[in-house]
Each structure stands twice: as C-alpha cells, then as structure tokens.
Amino acid sequence: QVQLVESGGGLVQTGTSLRLSCAVSGRSFSSFTMGWFRQAPGKEREFVAAISRSGGVTFHADSVKGRFTISKDNAMNTVYLQMDKLKPEDTALYYCAAKDASSYTTDMYNPGWFDYWGQGTQVTVSS
C-alpha cells in the first residue's frame with residue numbers, strides 16, 4: 001500500500017523559509033510523478049509544484065515561481081518543497097501527491113489526476 005507522509009510545516013514570519021518533506025513508501029518511488037498542492041480555508045485545493053519521475057523536469061505555479069523549489073531524492077524516497085521568501089498568502093495546508101507510472105501532462109495541475117495523497121502539513125505565515 002502506498003503511503004505519503006508530509007513533514008516540515010510550522011508557524012513562521014514573513015520573508016523566512018521552510019522546507020517540506022514527503023516520504024513515500026509502498027512502491028518504487030522512481031515510478032511516481034510527484035506534486036505539491038495547498039488548500040487555504042474556504043478555498044479549493046491548488047497546484048503548487050510538480051516534478052517528473054526522474055526529477056529532471058519541474059513545474060511551479062506562477063504564484064510561487066522564484067520562491068519555491070520542488071526536488072526529489074529517489075534514493076531517499078522523498079520529495080521536497082523548499083519555500084523561501086514566504087508571504088502570508090502562502091498560509092495553507094500543504095499536501096503531497098503521487099501519480100503512479102505515468103509521465104507528467106497538463107492534467108497534473110488538476111488534483112484529480114493524482115492517485116495518492118498525504119495527510120497534509122500546515123504552513124502558517126504571520127505578517
């Protein structure tokens with residue numbers, strides 16, 4: 001059974017950094033396209049970033065481009081989201097997601113494309 005466990009969230013001040021981690025178990029990690037999404041109270045879940053199976057291709061939402069960076073370590077079965085220059089509008093519950101045995105497509109911006117999800121980790125940025 002595939003399991004995704006996020007960690008690294010917290011309460012931080014504007015302009016600081018956090019690194020989220022998502023550990024994956026239960027299947028060959030290198031077969032997954034991985035993504036990060038976030039959901040603020042009263043809002044829909046939105047795409048943040050994604051990374052190809054090899055880790056060689058990445059995608060970032062315009063709202064985080066230049067501030068957030070997705071990466072993965074296939075040896076550690078872990079995907080990361082480095083978040084710099086955090087803003088109050090980044091406050092949300094951040095979810096890790098995995099798509100099994102499929103190359104990335106434009107469908108990856110849709111949460112429904114992904115097969116597996118973690119439980120989420122809260123990020124709160126104070127002004």
Side-chain angles (χ1 to χ4, degrees):
Q1 182 166 347
V2 177
Q3 290 190 320
L4 284 67
V5 180
E6 302 100 331
S7 60
L11 171 63
V12 297
Q13 292 186 331
T14 296
T16 60
S17 300
L18 278 177
R19 189 176 78 156
L20 305 183
S21 300
C22 174
V24 181
S25 62
R27 191 77 58 83
S28 174
F29 181 66
S30 60
S31 70
F32 290 122
T33 296
M34 300 297 301
W36 285 98
F37 286 76
R38 66 186 182 186
Q39 189 166 18
K43 294 188 176 182
E44 293 187 351
R45 193 168 298 190
E46 66 171 355
F47 173 84
V48 176
I51 189 165
S52 65
R53 289 179 289 178
S54 68
V57 183
T58 61
F59 306 86
H60 297 83
D62 287 344
S63 59
V64 306
K65 203 168 290 184
R67 300 187 299 120
F68 292 10
T69 304
I70 189 172
S71 63
K72 67 183 314 201
D73 185 336
N74 283 342
M76 296 295 292
N77 291 355
T78 301
V79 62
Y80 304 98
L81 185 68
Q82 177 67 39
M83 305 187 295
D84 299 321
K85 302 177 183 178
L86 283 161
K87 304 175 181 180
E89 50 264 45
D90 295 319
T91 295
L93 190 59
Y94 282 72
Y95 295 93
C96 173
K99 176 66 175 178
D100 194 12
S102 180
S103 296
Y104 55 87
T105 74
T106 54
D107 290 338
M108 69 186 175
Y109 299 107
N110 181 352
W113 184 73
F114 286 87
D115 298 315
Y116 307 101
W117 291 85
Q119 80 290 349
T121 185
Q122 178 68 38
V123 172
T124 303
V125 184
S126 63
S127 56

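The aromatic rings of Y109 and F47 lie perpendicular to each other, with more than 60° between the two planes, well past the 30° mark.
Both L93 and W117 are assigned to one and the same hydrophobic cluster, defined by single-linkage of ILVMFWY side chains at heavy-atom distances under 4.5 Å. V24 is not connected to Y95 by any chain of hydrophobic side-chain contacts under 4.5 Å among Ile, Leu, Val, Met, Phe, Trp and Tyr, and they are in different clusters. By the rule that hydrophobic residues join a cluster once side-chain heavy atoms approach within less than 4.5 Å of another member, L18 and V48 end up as members of one cluster.
Remark: Y116 OH to R27 CZ distance equals 4.0 Å, nearest 0.5 Å. Here L81 contributes atom CG and T69 contributes atom OG1; the two are 8.0 Å apart, rounded to the nearest 0.5 Å. Note that SG of C22 and CZ of F29 are 7.0 Å apart. Values are rounded to the nearest 0.5 Å. Separation of atoms CZ (F68) and OG (S63) is listed at 7.5 Å; rounding is to 0.5 Å. Here Q82 contributes atom CD and I70 contributes atom CD1; the two are 12.5 Å apart, rounded to the nearest 0.5 Å. Distance check: F59 CZ to T33 OG1 gives 8.5 Å after rounding to the nearest 0.5 Å.
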Using residues 3-15 as the side-chain source, report each donor-acceptor pair under 3.5 Å to any protein atom, sequence neighbours left out, with the distance given to one decimal.
residue : atom : partner : partner atom : Å
E6      : OE1  : Q119    : N            : 3.0
E6      : OE1  : Q119    : NE2          : 3.4
E6      : OE1  : G120    : N            : 2.9
E6      : OE2  : C96     : N            : 2.8
E6      : OE2  : G120    : N            : 3.2
T14     : OG1  : S126    : O            : 2.8

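With hydrogens and angles disregarded, no donor-acceptor distance shorter than 3.5 Å links the side chain of T58 to the backbone of I51. With hydrogens and angles disregarded, a donor-acceptor distance shorter than 3.5 Å links the side chain of K72 to the backbone of R53.
Shown here are the salt bridge (Lys or Arg N to Asp or Glu O under 4.0 Å) partners of K85, two or more places apart in sequence or in another chain: there are none. Among residues two or more places apart in sequence or in another chain, the salt bridge (Lys or Arg N to Asp or Glu O under 4.0 Å) test is passed with R19 by none.
The heavy-atom pair separating A50 from M108 by the smallest distance is CB-SD, 3.8 Å. Here the closest heavy-atom approach between residue W36 and residue S21 is recorded as CH2-O, 3.8 Å. Taking both residues in full, the closest heavy atoms of V79 and M34 are given as CG1-CE, 3.7 Å, listed atom of the first, atom of the second, then distance. Taking both residues in full, the closest heavy atoms of Q122 and A92 are given as NE2-O, 3.4 Å, listed atom of the first, atom of the second, then distance. Summarising the geometry of G35 relative to F114, their closest heavy-atom pair is N-CE2, 3.7 Å, with the distance given to 0.1 Å. Nearest heavy atom pair, residue Y80 against residue D73, reads CE1-CB, 4.0 Å.
Residues N77 and S25 are not in side-chain contact: their nearest non-hydrogen atoms beyond the backbone lie 4.5 Å or more apart.
Among D62, D90, D84, the one residue that satisfies the salt bridge (charged side-chain N to carboxylate O under 4.0 Å, His left out) test with R67 is D90. Put simply, the residue from V2, D115, N74 that forms a side chain to side chain contact (heavy atoms under 4.5 Å, CB included) with F32 is V2.
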